Amino acid sequence: MQTDNNNKPDSEKPKTKNFIYEIIDEDLKTNKWGGRVHTRFPPEPNGYLHIGHAKSICLNFGIAEHYNGKFNLRFDDTNPEKEDQEYVDSIVEDVKWLGADFEDRILYASDYFEQMYEYAVALIKSGKAYVCDLTPEEIRATRGTPTEAGKESPHRNRTIEENLDLFARMRQGEFDNGTKTLRAKIDMASPNFNMRDPIMYRIVHAEHHRQGNKWAIYPTYDWAHGLEDSLEGITHSICTLEFENHRPLYDWYLDSLAIYHPQQIEFARLNLSYTVMSKRKLLQLVNEKYVDGWDDPRMPTISGYRRRGYTPEAIRNFAEIIGVAKRDALTDISLLEYAIRDDLNKKAKRVMAVLNPIKVVLTNYDGEEELGAINNPEDPEAGTRKLKFTKELFIEQSDFMENPPKGFFRLVPGGEVRLRYAYIIKCEEVIKDSDGNIIELRCTYDPDTKSGSATSTKKVKGTIHWVSAKYGINAEVRLYDRLFLTENPGNKDNWLELINPNSLDVIKNSIVEPSLKDAVMGDKFQFERTGYFCLDSKFSSTEKLVFNRTVTLKDSWGKKSS
RNA sequence: UGCCGAGUCGUCUAAGGGUAGGACAGCGGCCUUUGGAGCCGUAUGUAGAGGUUCGAAUCCUCUCUCGGCAGCCA
């Protein structure tokens with residue numbers, strides 16, 4: 001018997017939240033934000049969202065949900081040269097699919113450009129910003145090094161009037177790209193590079209996906225981001241660790257302007273083993289055709305996982321499992337796989353599919369019959385279905401071995417195995433072609449062993465899946481493996497050479513049970529004993545079924561060898 | 001080696017002076033007409049050295065290691 005402090009169910013034990021919740025709890029206690037909690041997810045529309053973004057979305061939305069606060073989706077679209085409406089659309093779709101509710105708040109930094117301009121003018125007027133004529137090379141050369149202070153720009157002490165005039169003309173498009181910038185006048189000797197007169201505006205003559213050619217100047221991230229947060233009344237501006245060094249600048253801008261000042265909090269971004277997570281690298285995989293698009297099922301993108309058969313619930317649960325902290329981490333992919341298996345186990349309809357078929361002929365069986373099968377043992381609501389059993393069947397090639405190792409308890413010459421939901425069969429004869437390839441197994445069935453019948457008392461070690469040769473339908477099955485061979489390819493220069501050449505295995509001639517012809521996009525299946533599968537949204541059609549393997553079943557057989 | 005940040009089972013994450021806990025992965029077993037699921041059990045961790053304290057993962061000092069920062073990217 002246990003003592004009573006062990007009797008509490010998990011749900012009643014106090015649940016520890018991450019450090020950001022602690023900060024917010026404290027803020028609520030001190031009434032720092034008037035009881036409000038307002039977070040945001042601020043992607044730049046320059047690529048598709050990946051699982052790392054999902055972590056951030058779940059964090060930010062989860063906080064808003066937990067505290068009855070609000071959550072904004074805001075596009076940080078301040079760099080027209082890299083951004084595109086296609087990315088905006090995909091991001092909206094992915095965030096919605098994940099279930100993060102931004103209500104009507106799809107916001108754009110570019111909508112604040114006019115206001116940002118006014119703020120910049122205010123900073124110039126207070127003597128805290130100036131127009132600098134230095135070229136990019138000159139700016140780099142005068143920035144200094146970690147141990148040496150930078151040099152002040154010769155244009156640092158222009159008059160306010162001159163700065164105002166020049167800045168207005170920058171906006172009018174009077175100057176070429178790279179010839180002028182607006183810089184904050186802070187401290188060229190600061191040990192923090194971000195404070196060495198950072199650039200607020202650069203001249204970019206490019207068409208913006210939402211603003212067209214209205215602007216010739218664009219705000220930089222540091223200048224824009226705090227203003228966006230401030231304008232939206234964000235309370236907690238949550239970002240990743242690499243922005244920690246930017247926080248003093250974030251604070252400086254907002255304090256210099258004396259406007260509403262959210263709190264920036266940094267957490268460690270997600271790194272997942274055996275994949276890469278930078279948008280630049282993912283874009284390269286797409287552009288150089290290592291994968292067939294941002295939504296390739298091998299990609300760690302949200303759209304890739306969706307196409308692969310992952311559910312939003314699994315991804316959200318994954319985000320919950322991995323937690324949030326400030327230390328760099330490389331999360332093992334098995335955590336993600338656990339999350340999707342756990343969810344699909346409850347939801348997926350069980351069916352039988354033979355990926356690599358070998359024919360079985362039951363020499364003592366004639367006619368055909370229908371056998372009852374359970375759609376999901378985890379979910380009685382899922383009901384039952386009938387399976388057609390016939391003289392000729394297909395079983396998995398790997399379920400038969402002529403010379404089996406110890407512990408192999410499927411079909412062997414002279415041995416018996418149960419056919420799932422059907423009979424026990426015995427392998428009597430192995431038929432081979434002239435090259436010695438096995439082309440057919442001649443078996444007998446034992447009529448007393450029908451599943452569920454009173455006469456079925458015989459026990460065999462193994463149960464294998466099968467599909468009727470007469471009624472089974474052809475399908476293509478696509479098996480995915482990890483995209484990279486090494487655990488952390490992202491930190492290697494030769495990362496492209498580390499791509500797994502066998503990350504995709506297309507099986508053209510699989511045979512699946514006939515009920516699968518009614519499968520619709522979005523359905524989740526467990527091919528019994530094989531794994532979880534879904535229809536591929538890109539290649540599957542009514543004429544030709546194409547299934548993606550979402551994840552394998554956990555397999556304790558032969559694990560040590562792989 | 002300037003500044004900022006971080007070091008807890010193999011991995012991720014709790015505990016913030018009072019029994020180092022959970023999850024995943026692993027291992028062992030039970031159960032099983034999916035070698036799935038489920039159930040039970042089990043091993044493994046506070047970077048190091050000093051110090052304060054009755055008591056330190058937690059506080060102090062020093063050291064070590066790792067990550068980030070010198071874009072007109074975000």
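Fair warning: this is a prediction, and the values are worked out from it, not measured in the lab. Reminder, nothing fancy here: chain letters follow the sequence lines and each chain counts from 1.
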For A:Leu134, answer base if it contacts any base atom (sugar-phosphate contacts may also be present), sugar-phosphate if it contacts only those atoms, and nothing otherwise; contact means non-hydrogen atoms under 4.0 Å. base
If you check the A:Glu244 side chain, which of B:G5, B:G2, B:A74 turns out closest? B:G5
Side-chain N or O of A:Arg143 less than 4.0 angstrom from OP1 or OP2 on B:C72? yes
Does B:G71 sit syn or anti, given that only angles within 90° of 0 count as syn? syn
Can you tell me which stems RNA chain B forms, taking runs of 3 or more consecutive Watson-Crick or G-U pairs with both distances under 3.5 Å? B:2-7 with B:64-69, B:10-13 with B:21-24, B:26-30 with B:38-42, B:47-51 with B:59-63
Assign a letter to each nucleotide of nucleotides 7-13 of chain B from its 5' end: B, base within under 4.0 Å of a protein heavy atom; S, sugar-phosphate only; -, no contact. SB--SSB
Below the 4.0 Å mark, does B:G71 have OP1 or OP2 next to a side-chain nitrogen or oxygen of A:Arg196? no
Dump the pairs, protein N or O against N or O of nucleotides 35-41 of chain B, anything under 3.5 Å, distances to one decimal.
residue: B:G35; atom: OP1; partner: A:Thr463; partner atom: O; Å: 3.4
residue: B:G35; atom: OP1; partner: A:Arg529; partner atom: NE; Å: 3.4
residue: B:G35; atom: OP1; partner: A:Arg529; partner atom: NH1; Å: 2.8
residue: B:G35; atom: O2'; partner: A:Asp555; partner atom: OD1; Å: 3.2
residue: B:G35; atom: N7; partner: A:Arg410; partner atom: NH1; Å: 3.4
residue: B:G35; atom: O6; partner: A:Phe409; partner atom: N; Å: 3.1
residue: B:G35; atom: O6; partner: A:Arg410; partner atom: NH1; Å: 3.2
residue: B:G35; atom: N1; partner: A:Gly407; partner atom: O; Å: 2.8
residue: B:G35; atom: N2; partner: A:Gly407; partner atom: O; Å: 3.4
residue: B:G36; atom: N2; partner: A:Arg350; partner atom: NH2; Å: 3.2
residue: B:G36; atom: N2; partner: A:Glu378; partner atom: OE2; Å: 2.9
residue: B:A37; atom: O2'; partner: A:Asn345; partner atom: ND2; Å: 3.0
residue: B:A37; atom: O2'; partner: A:Glu378; partner atom: OE1; Å: 3.3
residue: B:A37; atom: O2'; partner: A:Glu378; partner atom: OE2; Å: 3.0

Answer yes or no: does a side-chain N or O of A:Arg202 lie under 4.0 Å from OP1 or OP2 of B:C73? yes
Under the ring-ring contact (aromatic ring centres under 6.0 Å, His included) rule, collect the residues that match up with A:Tyr445, sequence neighbours excluded. A:Tyr365, A:Tyr423
Counting heavy atoms from C-beta on, name the nucleotide in B:U34, B:A74, B:C72 closest to the side chain of A:Thr181. B:C72
NA contact type, A:Tyr201, heavy-atom cut-off 4.0 Å: base, sugar-phosphate, or nothing? nothing
P gap between B:G18 and B:U34, integer Å: 49 Å
Applying side chain to side chain contact (heavy atoms under 4.5 Å, CB included) to A:Pro248 and not counting sequence neighbours gives A:Asn192, A:Met195
Which word best sums up how the rings of A:His208 and A:Tyr218 line up, parallel for under 30°, tilted for 30 to 60°, or perpendicular for over 60°? parallel
Ignoring backbone atoms, establish whether A:Thr78 has a side-chain N or O less than 4.0 Å from OP1 or OP2 of B:A74. yes
For residues 331-339 of chain A, which side-chain donor-acceptor pairs fall under 3.5 Å, sequence neighbours excluded?
residue: A:Asp332; atom: OD1; partner: A:Ser334; partner atom: N; Å: 2.8
residue: A:Asp332; atom: OD1; partner: A:Ser334; partner atom: OG; Å: 3.1

Parallel, tilted or perpendicular: which fits the ring planes of A:Tyr48 and A:Trp294, with parallel below 30° and perpendicular above 60°? parallel
